[in-house]
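Keep in mind that the numbers below use all heavy atoms, side chains included, and drop hydrogens, waters and symmetry copies.
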Amino acid sequence: MTIGAEPLVIGVGNSWRRDDGVGAEVVERLRGKLPTLELPGEGTELIEAWRDTGWVIVIDAMRSGGPVGTILHIDAAAGPLPKGRFSCLSHQFGLAEAVEMARLLGRLPPKIEIYGIEAADLGQGKGLSPAVEAAAIRLSADLLEMRR
């Protein structure tokens, strides 16, 4: 499998759970500029979505205790995701589990990058916290800049 010139950008989360919608927000900002896909974060869907893809970037909300809006970049092909960071979803088999299961099954893309954005509010409703929205804008711009 050759790594494509452009990544598939997958935004993970639920836009009706405040900051959990940050992945969808980044995808919306990139739509039409990079290949994108929005998924709720169920692990088997993620594994299927990146099948036969050489380069994947996944954006998801995270909870690490760091400052809200912090962006964490992880090269998931190099090793496991930090424990407990991506457990803010309501799924038992989410992003971290999908990455490790795909690794065990030999279905992890050759290049897979995870961008976690530190969330504040995962309650019901639409709209991102100001610091999370600013991080989404910054990350979207950075991902577009890497194309050049």
Side-chain angles (χ1 to χ4, degrees), residues 6-51 53-105 107-147:
E6 292 188 332
L8 169 62
V9 179
I10 301 175
V12 171
N14 181 343
S15 296
W16 290 96
R17 296 285 313 267
R18 303 279 184 204
D19 291 344
D20 192 38
V22 71
E25 177 67 23
V26 173
V27 161
E28 182 60 33
R29 291 176 176 281
L30 299 176
R31 192 167 280 128
K33 300 169 186 144
L34 285 171
T36 59
L37 183 61
E38 184 180 332
L39 293 173
E42 202 286 317
T44 56
E45 281 184 316
L46 288 165
I47 293 170
E48 189 60 29
W50 64 51
R51 188 170 90 175
T53 303
W55 181 11
V56 175
I57 293 174
V58 182
I59 296 103
D60 195 5
M62 70 173 186
R63 281 277 177 89
S64 69
V68 175
T70 298
I71 300 172
L72 175 67
H73 176 247
I74 302 165
D75 176 358
L81 274 60
K83 295 220 183 280
R85 299 258 172 122
F86 297 93
S87 60
C88 58
L89 296 176
S90 59
H91 302 286
Q92 294 297 315
F93 187 72
L95 174 59
E97 294 81 11
V99 167
E100 295 316 309
M101 181 60 71
R103 190 184 319 278
L104 285 171
L105 296 173
R107 294 186 60 193
L108 198 63
K111 186 171 182 178
I112 178 166
E113 301 175 73
I114 310 295
Y115 286 90
I117 299 178
E118 188 73 25
D121 182 359
L122 299 173
Q124 298 293 322
K126 288 197 63 87
L128 301 174
S129 301
V132 172
E133 184 172 11
I137 292 167
R138 191 168 60 252
L139 179 57
S140 300
D142 289 350
L143 293 177
L144 286 174
E145 185 64 31
M146 74 167 191
R147 297 180 69 195

Item to complete: With sequence neighbours left out, write down each residue that passes salt bridge (Lys or Arg N to Asp or Glu O under 4.0 Å) with Glu28, or none if nothing qualifies.
Response: Arg31

Worksheet item: Which pair of non-hydrogen atoms, one from Leu8 and one from Ala49, has the smallest distance, and what is that distance?
Response: CD2-O, 3.7 Å

Discussion item. If you compare all heavy atoms of Ala61 against all heavy atoms of Ala119, which two are closest, and at what distance to 0.1 Å?
Written reply: CB-CB, 4.1 Å

Item to complete: Output the distance between atom CD1 (Ile47) and atom CG (Leu95), rounded to the nearest 0.5 Å.
Response: 10.0 Å

Worksheet item: Do you know which two heavy atoms are closest between Ala77 and Leu108, and how far apart they sit?
Response: CA-CD2, 4.2 Å

Worksheet item: Looking at CG of Leu139 and NE2 of His73, how far apart are the two atoms once the value is rounded to the nearest 0.5 Å?
Response: 9.5 Å

Practice prompt. Drop me the distance from Met146's CE to Leu34's CG, to the nearest 0.5 angstrom.
Written response: 5.5 Å

Worksheet entry | Smallest separation among heavy atoms of Val27 and Val9, with atom names | CG2-O, 4.1 Å

Discussion item. Does this structure show an ion pair linking Arg138 with Glu145, if we count only N-O contacts that are shorter than 4.0 Å?
Written reply: no

Practice prompt. State whether a side-chain donor-acceptor pair under 3.5 Å links Asp19 with Ser129.
Written response: yes

Item to complete: Output all residues satisfying side chain to side chain donor-acceptor pair (under 3.5 Å) with Arg103, sequence neighbours left out; order by chain, then residue number.
Response: Glu100

Worksheet entry | Under 3.5 Å: donor-acceptor pair, side chain of Trp55, backbone of Glu113 | no

Discussion item. When you measure from the side chain of Glu48 to the backbone of Glu45, do you find a donor-acceptor pair of N or O atoms at a distance under 3.5 Å?
Written reply: no

Practice prompt. From the options Ile59, Leu46, Leu37, select the one residue that forms a side chain to side chain contact (heavy atoms under 4.5 Å, CB included) with Val12.
Written response: Leu46

Worksheet entry | Spacing of CZ belonging to Arg107 relative to OG1 belonging to Thr53, to within rounding of 0.5 Å | 10.5 Å

Worksheet item: How far apart are the closest heavy atoms of Trp50 and Ala98, and which atoms are they?
Response: CZ2-O, 4.0 Å

Discussion item. When you compare the side chain of Glu118 with that of Ser64, does any pair of heavy atoms fall below 4.5 Å?
Written reply: yes

Worksheet entry | Inter-residue atom distance Ile74.CD1 - Leu81.CG, 0.5 Å rounding | 4.5 Å

Discussion item. Using only atom types and a distance under 3.5 Å, with no angle test, would you say the side chain of Asp20 pairs donor to acceptor with the backbone of Asn14?
Written reply: yes

Worksheet item: Val22 and Tyr115: side chain to side chain contact (heavy atoms under 4.5 Å, CB included), yes or no, with the steps?
Response: CA-CA 11 Å; Val22 71; Tyr115 286 90; over 6 Å; no

Fill in: Backbone of Ala24 reached by a side-chain donor or acceptor of Arg29 within 3.5 Å
no

Worksheet item: If you take all heavy atoms of Gly69 and Ala135, which pair is closest and at what distance?
Response: O-CB, 3.2 Å

Worksheet item: Among side-chain atoms of Thr36 and Glu38, is any donor-acceptor pair under 3.5 angstrom?
Response: no

Item to complete: Look only at the side chain of Arg18 and the backbone of Leu128, and say whether a donor-acceptor pair between them is shorter than 3.5 Å.
Response: no

Worksheet item: Step by step, would you call Leu122 with Arg63 a side chain to side chain contact (heavy atoms under 4.5 Å, CB included)?
Response: CA-CA 10 Å; Leu122 299 173; Arg63 281 277 177 89; 3.8 Å; yes

Item to complete: Please round to the nearest 0.5 Å and tell me the distance separating atom OG of Ser140 and atom CD of Glu25.
Response: 7.0 Å

